[in-house]
Amino acid sequence: MSDWKWEYNPSEEYLTPGLPVGVVAEVERIATEIAALGRDAEVAGSRPEGKPGGLRNFPIFGGRGFIQFLAVPRHECVYICTIVWNG
């Protein structure tokens, strides 16, 4: 188990307005699981493929949306940067 945490970046208030409660809950669940990967969070999701680091994409609800996150080993944190929900 990892000691990594996750946070919204820039803030929850900026990223989640207008999203259904269930979508926010799913984003937070996925963020917790990605953070639990620890340093391996650098290769979770997709883009850039086969390379660690960078802004990563992770689909939610079977492709009905996605989150973009940045895993920063120096901070031991996963930052949720974008939430796209197509409903």
Side-chain angles (χ1 to χ4, degrees):
M1 194 72 176
S2 166
D3 290 334
W4 280 42
K5 62 185 187 292
W6 70 270
E7 297 178 9
Y8 289 105
N9 184 16
S11 69
E12 181 178 5
E13 294 78 21
Y14 181 81
L15 293 174
T16 62
L19 291 175
V21 174
V23 172
V24 174
E26 180 68 357
V27 167
E28 292 180 355
R29 184 190 69 78
I30 291 169
T32 300
E33 289 187 11
I34 293 170
L37 294 173
R39 194 163 184 88
D40 289 337
E42 288 186 285
V43 293
S46 63
R47 272 208 270 154
E49 301 216 5
K51 298 178 187 173
L55 194 60
R56 319 282 307 170
N57 291 343
F58 198 94
I60 57 175
F61 290 112
R64 291 173 56 196
F66 64 92
I67 61 173
Q68 290 186 312
F69 68 92
L70 190 61
V72 182
R74 177 180 60 210
H75 297 171
E76 293 189 343
C77 189
V78 172
Y79 295 100
I80 304 300
C81 302
T82 307
I83 304 169
V84 174
W85 174 243
N86 298 318

State, yes or no, whether a side-chain contact exists between I34 and T32 at a heavy-atom distance under 4.5 Å.
no
For a 4.5 angstrom cut-off between non-hydrogen side-chain atoms, does W4 reach P73?
yes
Would you give me the side-chain donor-acceptor pairs under 3.5 Å for residues 11-18, sequence neighbours excluded?
| from | atom 1 | to | atom 2 | distance (Å) |
| --- | --- | --- | --- | --- |
| S11 | OG | Y14 | N | 3.1 |
| T16 | OG1 | E12 | O | 2.7 |

Which atom pairs, donor and acceptor, lie under 3.5 Å between side-chain atoms of residues 77-85 and protein residues at least two apart or in another chain?
| from | atom 1 | to | atom 2 | distance (Å) |
| --- | --- | --- | --- | --- |
| Y79 | OH | H75 | ND1 | 2.9 |
| T82 | OG1 | Q68 | OE1 | 3.2 |

Does V27 share a hydrophobic cluster with F61, counting links as ILVMFWY side-chain heavy atoms below 4.5 Å and allowing steps through other members?
yes
Between the side chain of R64 and the main-chain N/O of N86, is any donor-acceptor distance below 3.5 Å?
no
Side-chain heavy atoms under 4.5 angstrom apart, residues restricted to Ile, Leu, Val, Met, Phe, Trp, Tyr: same cluster for V24 and I60?
yes
Quick check: is V43 connected to I30 through a chain of hydrophobic side chains (ILVMFWY, heavy atoms under 4.5 Å apart)?
no
pair N57-I67: side-chain heavy atoms closer than 4.5 Å:
no
Should F66 and L37 be regarded as members of a common hydrophobic cluster, given that ILVMFWY residues are connected when their side-chain heavy atoms come within less than 4.5 Å of each other, either directly or indirectly?
no
Among residues two or more places apart or on two chains, list those pairs meeting salt bridge (Lys or Arg N to Asp or Glu O under 4.0 Å) that have a residue in residues 20-34.
E26-R29, R29-E33
side-chain contact (heavy atoms from CB on, under 4.5 Å) between V23 and V21: does it pass, once the steps are laid out?
CA-CA 5 Å; V23 172; V21 174; over 6 Å; no
Backbone N/O of A44 and side chain of R56: donor-acceptor pair under 3.5 Å
yes
